[in-house]
Amino acid sequence: MNKNEIIERIWPDPEVAKDLAELRKHSPLTHVITNIVVTNWTANVLLAIGASPAMVIAEEEAGDFAKIAGGLLINVGTVTPNDAKAMRVAVESARETGTPWVLDPVAAGALAFRTEVVKELLDFKPAVIRGNASEILALGGASGGGKGVESTARSYDALESAKQLSVKTGAVVAVSGEVDYVTDGRTVFAVPGGDPIMTKVTGVGCSLGALIASFLGVQKDPLAASVAASLIFAVAGARAAKESKGTGSFAVNFLDQLSNLGV
């Protein structure tokens, strides 16, 4: 493969369909430490796809639960000092037991406290880093021009930073945007699709990180798990948008599309 080649993945995809069937068969236990804005939505997304979400956030419990989960999500969207302690405990346990985990560095680079938390968490070797273009650019040391939690850069603009970040950290990097790019620093997959309305419903992007964590419970290759989650989100989002009248109906239709995909 040429180092500049980008492999496009679209639905239907036999490999992704196989991973989805495995997820629904085993319903992997997914430990989610995410932001308070999206907790309920994220749980519903995982239930819709067939996973088993658990929102265990207490510092006293996070370590024990991370040991038994199939995958773990750490999302710093509304991180507090207490949250940061629980996150550290969880990723320490995940590293000890080999539980694969996903880091969603929401608004990294925009605020000093969360940026320092993210940098510390990176030392515990996430399997996957999932973010928008601005967040990935910031972690790669570039200025992404983010606006709060929103990205003002295109996903393709962050592709080189994503590849470099993957090589530096050993993690697969998934950049969300109008086209999602997923890379292990060598291979790059592009996942087109979705719909702009997905950016207008709180928690859609954050729940993608949780879905990747769920797939890690049945697909041990972080690159394949990330591609599967990204492709499923893209096709479900595109289909839901076609039958929606606005953001409210889209949210319901999106969950329906996830639960019925491939049926």
Side-chain angles (χ1 to χ4, degrees), residues 19 22-23 26-43 45-47 49-108 113-131 135 139 165-166 168-174 184 203 205-226 228-229:
D19 288 339
E22 285 296 300
L23 185 147
H26 297 286
S27 192
L29 183 61
T30 308
H31 184 185
V32 178
I33 302 180
T34 192
N35 70 75
I36 59 174
V37 181
V38 306
T39 301
N40 180 70
W41 169 262
T42 302
V45 164
L46 295 188
L47 289 170
I49 203 66
S52 297
M55 277 53 184
V56 178
I57 60 174
E59 179 184 352
E60 295 80 2
E61 298 177 334
D64 289 337
F65 204 86
K67 292 177 181 179
I68 64 173
L72 165 69
L73 169 69
I74 300 293
N75 175 304
V76 302
T78 55
V79 64
T80 68
N82 285 337
D83 294 333
K85 292 177 182 178
M87 291 171 180
R88 293 184 191 105
V89 169
V91 298
E92 286 174 0
S93 291
R95 183 170 65 174
E96 291 173 5
T97 58
T99 301
W101 67 281
V102 179
L103 175 62
D104 193 330
V106 180
F113 172 66
R114 72 181 55 229
T115 302
E116 288 305 310
V117 170
V118 166
K119 289 180 178 179
E120 182 177 350
L121 293 172
L122 284 172
D123 290 337
F124 292 90
K125 301 299 182 182
V128 180
I129 302 168
R130 187 223 73 88
E135 292 155 357
L139 290 186
L165 182 63
S166 180
K168 179 180 178 180
T169 63
V172 165
V173 178
D184 61 0
C206 292
S207 59
L208 175 54
L211 186 59
I212 294 172
S214 290
F215 270 101
L216 287 170
V218 295
Q219 169 53 265
K220 301 307 179 184
D221 179 359
L223 187 63
S226 300

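What you are looking at is a predicted structure, and each value in this text was computed from that prediction instead of being measured.
Enclosure of atom NZ in Lys85 is not indicated, since only 12 or fewer non-hydrogen atoms of other residues, nucleotides or ligands lie within 6.0 angstrom.
The distance from the CG atom of Asp104 to the CD1 atom of Ile33 is 13.0 Å, given to the nearest 0.5 Å. Separating the NZ atom in Lys168 from the CG atom in Leu139 is a distance of 9.0 Å, to the nearest 0.5 Å. Here the straight-line distance linking atom CG of Leu46 with atom OG of Ser207 works out to 7.5 Å at 0.5 Å rounding. Between the CG atom of Asp83 and the CD1 atom of Ile36 there is a distance of 8.5 Å, given to the nearest 0.5 Å. The structure places CG of Asn40 at 12.0 Å from OG1 of Thr34, a figure rounded to the nearest 0.5 Å. Between atom CG of residue Leu165 and atom CD1 of residue Ile129 there is a gap of 4.0 Å, rounded to the nearest 0.5 Å.
With contacts defined as side-chain heavy-atom distances shorter than 4.5 Å, the pair Phe113/Pro81 qualifies. In this structure the side chain of Ile49 never reaches within 4.5 angstrom of the side chain of Ser214, judged on heavy atoms. Residues Lys67 and Thr99 are not in side-chain contact: their nearest non-hydrogen atoms beyond the backbone lie 4.5 Å or more apart.
Judged by distance alone, the side chain of Arg114 and the main-chain N or O of Val106 form a donor-acceptor pair under 3.5 Å. Although no hydrogens or angles enter the test, the distance criterion places no donor-acceptor pair under 3.5 Å between the side chain of Thr30 and the main chain of Gly71. Side-chain atoms of Trp101 come within 3.5 Å of backbone atoms of Phe124 as a donor-acceptor pair (strictly under, hydrogens ignored).
Contact record, Arg95 with Asp123: NH1-O, 3.8 Å, taken as the closest heavy-atom pair. Of all non-hydrogen atoms in His31 and Ala90, the two that sit nearest each other are CE1-CB, 4.4 Å. Pairing each heavy atom of Leu23 with each of Ala51, the nearest pair is CD2-N, 3.8 Å. Listed here is the closest heavy atom pair of Val32 and Ile57: O-CG2, 4.4 Å. For the pair Gly131 and Pro105, the tightest heavy-atom approach, listed with the atom from each and the gap, is CA-CD, 4.4 Å. Of all heavy-atom pairs spanning Met87 and Asn75, the tightest one is CE-O, 3.3 Å.
In this view, Ser166 and Val173, Asp184 satisfy the side-chain contact (heavy atoms from CB on, under 4.5 Å) rule, not counting sequence neighbours. For Ala225, the side-chain contact (heavy atoms from CB on, under 4.5 Å) partners at least two apart in sequence or on another chain are Phe215, Leu216, Gln219.
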Test log, rule side chain to side chain contact (heavy atoms under 4.5 Å, CB included), inputs Met55 and Thr42: CA-CA 9 Å; Met55 277 53 184; Thr42 302; 4.1 Å; yes
